[in-house]
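Not measured: the values here are computed from a predicted model. Chain letters run A, B, ... following the sequence lines, proteins first and then strands; every chain starts at 1.
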Amino acid sequence: MEKKINLTSKQQEAISEIDHNLQIIACAGSGKTEVITRRIANILHSKQDIKPENIVAFTFTNKAAESLENRIVRALGSELSANIKTMYIGTIHSFCYNLLTKYTKQFDNFKILDSVKSHLFVKRNFKECGMSDLNLEPYSFNINLFLQCIEKMIDDYENSDNWSQEQRDVLNKYTNFLYSNNYIDFSLIIFETVKQIESNPEVGKYLSTLKYLVVDEYQDVNDLQEKLISHIANYGTNICVVGDDDQTIYQFRGSNANNMISFSERYADVHQVHLDKNFRCAKGIVDVANNVIKNNKRLISKKMISTVNESNGNIKAERCFDEIDEFNRIAKKIIKLHNSGIHYKEIAILVRKGKFINSIANILDDANIPYETDSTEHFFSGNYFNRFVITLQILTDIDKAKLYECWKDVAERTNFNIGFKFLRSCARGGNLPLSKIIRDFCDKIAFLDETANDIETRHIDLDGISKILDDYDEIYGDGQLSARINGVLKFLGTDAINEYKYYNFKPKDPNADNVQIMTIHKAKGLEFNTVFIPRLNEREFPTLGFLGKRYYHVLGGVFKKNKTKYQSSLEDERKLFYVAVTRAKQNLYMTYSLASKAISYFLDEASSSAYLDINNNDLTYNPKDVKYDFTKSDGVCCKPNSKNSNLEQGLDKEQLEYKEVVKYAQNQLIDYYNTGAQFYHTTHTMLSDIREWSPEKIMNEASNLELI
DNA sequence: GAAATCTTTATTTTT
DNA sequence: TAAAGATTTC
């Protein structure tokens with residue numbers, strides 16, 4: 001957000017409040033980072049005894065930390081920011097890691113297991129980690145499920161008296177085995193830090209030097225993190241929390257908006273400031289967002305106000321045939337916008353589910369629109385991934401022709417021969433790290449030849465595969481080469497794709513002019529001139545969610561009783577929609593499909609805003625040209641007699657079915673199937689049969705009965 | 001035509 | 001594990 005010269009009185013109030021605990025309730029686009037920045041600058045300017053090292057600022061991500069630090073440096077000027085590095089600006093996790101390594105003997109040279117390495121570590125030592133002691137059936141090898149259980153137990157440790165003895169044993173087994181191998185995971189970092197604060201006077205001494213703590217994105221803090229914050233507050237530290245309970249979107253990780261709501265009750269002497277002016281979004285966009293979020297039961301009442309006066313913005317919703325049609329229309333619209341002078345990088349496509357990113361990317365490829373995404377699915381289906389896999393295979397099964405076949409378009413024959421010779425020598429003996437083998441091979445075949453036209457992709461792909469191989473070798477590096485190759489090939493074939501799903505292999509280039517495709521979660525805190533939100537159908541957004549065996553099925557007991565704690569509700573999905581909408585400065589384009597499920601509730605709710613222009617009518621199609629996939633889920637329609645039916649009660653079967661078929665028809669193939677619905681009602685022909693018919697047949701049958 | 005049974009398929013992600 | 005679609009059985 002550009003720097004605002006004129007501060008509102010509320011912003012000024014927050015910046016000046018440095019003597020009491022402070023809660024800033026900041027709506028989207030309210031310039032909260034600017035306020036935090038200036039407040040910290042204000043502290044350093046007006047309190048001579050406060051040094052940067054007496055201030056701590058928690059951010060949600062490392063990226064956010066970096067940008068906050070840059071802004072503080074700018075705000076302070078060169079003299080005051082000289083020892084800015086002594087101020088802690090970063091995530092809660094790194095803060096805790098620093099404390100543990102600095103103030104404890106036990107953890108002073110521990111390594112962190114991130115989610116990928118945890119996976120590999122547990123896979124290798126599943127018995128020692130206690131995995132076989134939990135009943136994960138029928139998924140006894142679902143490591144993610146096991147790790148989920150561990151994480152929830154750590155979060156809930158306070159109540160461990162209410163767990164079964166077996167569960168306490170499993171957690172002990174897991175932590176002890178990690179610690180005996182000099183590893184710690186992310187949940188344990190905070191857990192152990194809290195323990196240290198409670199017991200280690202050295203840590204207490206350090207905390208008492210902290211005079212100011214600022215917590216950004218406070219609405220997404222979980223209970224363990226909140227405990228840490230309250231411990232710090234006990235040392236007399238001034239606490240300032242900033243957040244918006246309407247933007248809590250990480251409840252599945254334990255984000256607890258109640259922390260936000262009850263802050264002023266739990267902390268002494270709290271001053272509250274509401275920043276309700278949105279400097280980002282045009283009036284219409286704010287109106288749409290307000291009209292949707294008002295359907296949540298909100299405990300902190302507020303109403304966001306747009307201060308953008310130049311235009312009301314363009315807010316459109318469009319009905320499309322299906323998913324692919326939606327993405328094609330988006331591509332067309334992007335070309336139009338770009339021709340009218342909007343940069344690609346000012347355009348974002350925000351999706352509820354990561355799985356759409358790939359097919360959107362393919363369509364943008366076809367339309368020659370440059371884009372950027374950090375979905376790694378793209379990496380695993382990319383040009384070079386499979387070649388690396390084959391190259392690794394060659395190490396256990398020498399096949400020169402096969403190898404040449406896959407590299408011949410990028411390698412000269414002579415270079416290739418040198419590379420092959422090298423691979424053969426690796427296969428014979430030695431124990432080089434796998435990433436070194438691949439890198440050296442690529443070196444020898446001159447893979448990173450600077451004249452290659454896709455040189456950037458080659459660099460990214462080689463870095464990506466190296467990272468995966470290094471992660472693998474960190475856990476399995478002591479094995480025989482052939483065992484490691486077989487293991488890593490298995491990992492690459494199945495688990496790696498899931499484990500690296502949201503990992504950014506590719507550093508973002510801020511100067512590149514690319515359309516941004518990402519999940520809404522990733523768009524938190526960002527803004528774009530134009531935002532597209534596709535797939536606004538029921539059970540897509542809001543998503544159906546909570547399927548599959550979950551941690552509370554495994555753990556049962558108190559975990560089952562409190563399962564809603566991490567479950568996302570309709571209200572949580574609405575918050576996510578709210579976040580997506582408020583990323584847009586000027587243009588907001590939403591699409592939904594006719595040929596799948598019913599229209600999203602949220603689009604319905606948004607339509608109570610006069611600014612939303614819903615285009616339901618321009619859908620012209622020739623039934624002969626359009627192939628509908630009736631084998632897909634039919635959304636609102638399900639068999640009333642089904643055991644699992646979730647249809648509302650209180651209607652008789654016929655009413656119920658008629659209601660459902662009309663709803664189905666309205667949402668799907670309006671004209672033809674509306675007729676189809678009447679036909680159903682009159683003749684009692686099975687709905688499933690009608691859905692097999694062509695539109696022509698329906699029209700024909702219906703006219704025989706004079707239904708049209 | 002209804003009921004029972006079988007089959008398929010299941011979010012979001014930071015550190 | 002559980003929802004919902006598909007298929008079979010009665």
message = Checking contacts here: which listed nucleotide (dT11(B), dT15(B), dT12(B)) is nearest the side-chain heavy atoms of Phe186(A)?
response = dT15(B)

inquiry  = In whole Å, I'd like the distance from the CD atom of Glu540(A) to the P atom of dA3(C).
reply    = 18 Å

key: Value in whole Å for how far the C1' atom of dT15(B) lies from NZ of Lys117(A)   = 12 Å

task = Please name all residues satisfying salt bridge (Lys or Arg N to Asp or Glu O under 4.0 Å) with Asp155(A), sequence neighbours left out, ordered by chain then number.
result = none

Base-paired stems that DNA chain B participates in, counting runs of 3 or more Watson-Crick or G-U pairs under 3.5 Å = B:1-10 with C:1-10

message = Does a side-chain N or O of Thr519(A) approach OP1 or OP2 of dT13(B) to a distance below 4.0 Å, or not?
response = yes

task = Applying ring-ring contact (aromatic ring centres under 6.0 Å, His included), name anything that partners Tyr179(A), two or more places apart in sequence or on another chain.
result = Phe107(A), Phe110(A)

inquiry  = Considering every strand and a 4.0 Å limit on heavy-atom distances, what is the contact class for Asn62(A): base, sugar-phosphate, or nothing?
reply    = sugar-phosphate

note = Out of dT13(B), dT1(C), dT15(B), minimum distance to the side chain of Lys522(A) belongs to dT13(B)

message = Of the listed nucleotides (dT14(B), dT1(C), dT11(B)), which one gets closest to any side-chain atom of Arg352(A)?
response = dT11(B)

query = For Phe252(A) and dT12(B), is the gap between ring centres under 5.5 Å while the planes differ by less than 30°?
reply = yes

key: Those residues that, when tested against Arg352(A), pass salt bridge (Lys or Arg N to Asp or Glu O under 4.0 Å) (two or more places apart)   = Glu573(A)

request  = Rounded off to whole Å, could you give me the CD1-to-P distance for the Ile92(A) and dT13(B) pair?
outcome  = 20 Å

Atom-to-atom span, NE2 of His521(A) to P of dT15(B) - whole angstrom = 14 Å

task = Could I get the full list of salt bridge (Lys or Arg N to Asp or Glu O under 4.0 Å) partners for Arg298(A), not counting sequence neighbours?
result = Asp246(A)

query = Mind checking whether Ile468(A) and Phe379(A) have side chains closer than 4.5 Å, heavy atoms only?
reply = yes

message = Nearest whole Å is fine: how far is dT15(B) C1' from Tyr183(A) OH?
response = 17 Å

query = Atom CZ of Phe95(A) and atom P of dT15(B): how far apart are they, to the nearest Å?
reply = 17 Å

Under-3.5 Å N/O pairs linking protein and nucleotides 7-9 of chain B:
none

query = Looking at residues at least two apart in the chain, or sitting in another chain, which of them share a side chain to side chain contact (heavy atoms under 4.5 Å, CB included) with Leu99(A)?
reply = Phe95(A), Tyr103(A), Thr193(A), Val203(A), Tyr206(A)

ask   = Nearest-Å distance, CG (Asn498(A)) to P (dT12(B))?
value = 11 Å

ask   = Hey, what's the ring geometry for Phe263(A) with Tyr218(A), parallel, tilted or perpendicular (30° and 60° as the breaks)?
value = perpendicular

query = Partners of Phe121(A) by ring-ring contact (aromatic ring centres under 6.0 Å, His included), sequence neighbours excluded?
reply = Phe177(A), Tyr183(A)

ask   = Rounding to a whole Å, what distance do you find between Phe107(A):CZ and dT15(B):C1'?
value = 16 Å

key: Quiz item: Arg253(A) side-chain donor-acceptor pair to dT14(B) base, under 3.5 Å   = yes

query = Are Phe385(A) and Phe380(A) close enough that their ring centers fall under 6.0 Å?
reply = yes

inquiry  = Any base atoms under 4.0 Å from Tyr97(A), or only sugar-phosphate, or nothing? Heavy atoms, all strands.
reply    = nothing

task = Would you indicate which nucleotide in dT13(B), dT12(B), dT1(C) comes nearest to any side-chain atom of Tyr250(A)?
result = dT13(B)

Shortest side-chain distance from His93(A), nucleotide among dT15(B), dT13(B), dT11(B) = dT15(B)

task = Apply side chain to side chain contact (heavy atoms under 4.5 Å, CB included) to Phe356(A) and list each qualifying residue two or more places apart in sequence or on a separate chain.
result = Glu323(A), Phe327(A), Val351(A), Lys353(A), Ile360(A), Arg535(A), Glu540(A)

inquiry  = If I pick the P atom on dT11(B) and the same atom on dA4(C), what distance separates them, to the nearest angstrom?
reply    = 14 Å

